[in-house]
Amino acid sequence: MRDRFDVVIAGAGPAGGQCARDLAERNYDVLVLETESEAEFPRQSNKSTAGTFPSAMTAFAIPDDVVMNYTDDVVLESPNNHYVREQTGAVLEFAEFKRFLVRDSREKGATYRFDARVSGPIMEDGEIVGVRYDGDEEVYADIVIDATGPAAPLAKELGVTGLKRERQAIGIEYEFENVDVNHPEYADLRDSMMLRLDHDLAPGGYSWIFHTGGDTAKVGLCYIQNESHNEYAKEGMGIDGYLDYWLESDPRFKNAERIEGTQAHRGSAHIQPPKSMSTDNFMAIGDTVPSIDPLWGEGIHKGMKSARAAAATVDAALTPEEPQTDAKSLAVYDRLWHSDVAPKQSARLMMTEILYLAPNERYDQLMADLQGTTEDTLTQINSGDRRAIAKLAHLSDIPMLAKYARRRLLE
């Protein structure tokens, strides 16, 4: 007898865990395959700053005991300026959060297999019918879901998403103690989540400090393999070198030390739109099909929303007496993704790419621009509102916009 489930999910991250949670609650027979061992999970896959907002906490019933610190503000920094917005949030203990999703979905009936590295799809008559893992192990399902993030072994082989390695974001983060989160030369970061735009520290990207209580914080940075990185990068310096450079040059870290027992959080993400998200018997969710916010990512919430959209699509496909798992039926997920997970994606991607083209002096001006707007402006920009984006434009931006337009035309 073949090893068979209604749904097989590759990856036990926020998207995979939430999708399993939703499907098990609907009484589907769901299996999650996770590369890491259960005893160490999550170790290598513990890659997120784990900042989110009350909407995610409420919508997905995230418990308080996985929260490191509730925050009051969002802070944006430039080299010589900053902008503070009152907005409550939560910095999650990401490992505990992921373990909660596994535990809760198991209690609802989901099956997990750890130490189970997915190697590729099982194909019959040109369609995926299962997954091969750990070399020669096989499992079959009506629907297969790839929630493995940028690795995406199933999505890539099936030609779904169409993402390339160009313009990838590469990031690193550590947890520190003895951080001066209220240094007189900077914004007050007590109970705040801060993002800094500064090509000296993160050429073509950004850095961050997320307060986790007392004198502790998550500190990290990422850069994107884009034109600005090529222009501003320091020769021979990699992602670890940039973080060390920031730690050595910023007085907030004068006495900072890595918290003993914590590991580096490393990850990557695509800064480009996916071509598609589904095909016959298959969907890709979470960071496997990235969504993009210009100034505030909130990737956890979006990943879990994509998981919920996929679970709803599975339910609609498998409920009929004769299940409908063809590409047309599963394309419902694509429509939900564009309407609910990443609406106005092209405008948001445009703003993201233009943002990282800007020089440091333009970041200083951006902070001043934001200070002269209402608090709704930042939300509108992140949602892809072109009118809100236009409010921040200056005549001096024309050369930068022309540069962006030329590149898009060449593509």
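Position 1 is the first residue of the sequence; numbering continues from there.
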Could you check whether any side-chain heavy atom of [X] comes within less than 4.5 Å of a side-chain heavy atom of [Y], counting everything from C-beta outward?
| X | Y | answer |
| --- | --- | --- |
| V314 | R26 | no |
| F60 | R308 | yes |
| E175 | M68 | yes |
| V75 | L195 | no |
| Y83 | S78 | no |
| M283 | T313 | yes |
| L355 | Y206 | no |
| I122 | Y140 | yes |

Which heavy atom of [X] sits nearest a heavy atom of [Y], and at what distance?
| X | Y | answer |
| --- | --- | --- |
| G286 | A15 | CA-CB, 3.6 Å |
| W208 | I172 | CZ2-O, 3.8 Å |
| I285 | C19 | CD1-CB, 3.9 Å |
| L154 | A10 | CD1-CB, 4.0 Å |
| S228 | P203 | O-CB, 4.4 Å |
| F5 | V30 | CD2-C, 3.9 Å |

Stepwise side-chain contact (heavy atoms from CB on, under 4.5 Å) test for V67 and F97
CA-CA 8 Å; V67 178; F97 167 60; over 6 Å; no

With the threshold set at 4.0 Å, does a side-chain nitrogen-carboxylate oxygen contact exist between [X] and [Y]?
| X | Y | value |
| --- | --- | --- |
| R85 | D73 | no |
| D142 | R4 | yes |
| E40 | K98 | no |
| R113 | D3 | yes |
| R190 | D215 | no |
| E36 | R43 | no |
| K391 | D385 | no |
| K328 | D326 | no |

Say you draw a straight line from [atom1] of [X] to [atom2] of [Y]; how long is it, rounded to the nearest 0.5 Å?
| X | Y | atom1 | atom2 | answer |
| --- | --- | --- | --- | --- |
| H82 | D364 | NE2 | CG | 12.0 Å |
| S207 | M194 | OG | CE | 5.5 Å |
| F53 | Q87 | CZ | CD | 4.0 Å |
| T35 | D115 | OG1 | CG | 9.0 Å |
| Y242 | L221 | OH | CG | 9.5 Å |
| D315 | N27 | CG | CG | 10.0 Å |

Whether Y112 and F114 hold their rings parallel, tilted or perpendicular, with breakpoints at 30° and 60°:
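Rings of Y112 and F114: parallel, as their planes differ by under 30°.
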
Can you label the angle between the F176 ring and the F253 ring as parallel, tilted or perpendicular, going by 30° and 60°?
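Rings of F176 and F253: tilted, 30 to 60°.
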
Can you tell me if [X] has over 12 outside heavy atoms packed within less than 6.0 Å of its [atom1]?
| X | atom1 | answer |
| --- | --- | --- |
| R117 | CZ | no |
| K234 | NZ | yes |
| Y223 | OH | yes |

Short question: side chain of [X], backbone of [Y] - any donor-acceptor pair under 3.5 Å?
| X | Y | result |
| --- | --- | --- |
| Y333 | A284 | yes |
| S329 | T325 | no |
| E34 | A12 | yes |
| R21 | D104 | no |
| T148 | A152 | yes |
| K305 | D340 | yes |
| T377 | T373 | no |
| N69 | H211 | yes |
| D6 | D29 | yes |
| T216 | G213 | yes |

Assess whether side-chain contact (heavy atoms from CB on, under 4.5 Å) is satisfied between D334 and V332, documenting all intermediate values.
CA-CA 5 Å; D334 294 57; V332 169; over 6 Å; no

Quick one about D198 and N360 (side-chain donor to acceptor, distance below 3.5 Å, no hydrogens or angles considered), yes or no?
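Judged by distance alone, the side chains do pair up.
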
For a quick check under 3.5 Å, do Y245 and D200 share a side-chain donor-acceptor pair by atom type?
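Yes - a donor-acceptor pair under 3.5 Å links their side chains.
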
Could you walk me through whether D180 and K254 pass the salt bridge (Lys or Arg N to Asp or Glu O under 4.0 Å) test, one step at a time?
CA-CA 8 Å; D180 189 347; K254 181 180 179 181; over 6 Å; no

Go through the steps for L33 and V131 under the test side-chain contact (heavy atoms from CB on, under 4.5 Å), then give the verdict.
CA-CA 10 Å; L33 300 172; V131 171; 3.9 Å; yes

With ring centroids as reference points, do H199 and Y363 lie under 6.0 angstrom apart?
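Close enough - the centres of the two rings lie under 6.0 Å apart.
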
List the steps, then state whether side-chain contact (heavy atoms from CB on, under 4.5 Å) holds for L31 with V139.
CA-CA 9 Å; L31 169 68; V139 61; 3.7 Å; yes

Is the NZ or CZ atom of R252 both under 6.0 Å from the centre of the six-membered ring of Y186 and within 45° of that ring's axis?
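Yes, a cation-pi geometry.
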
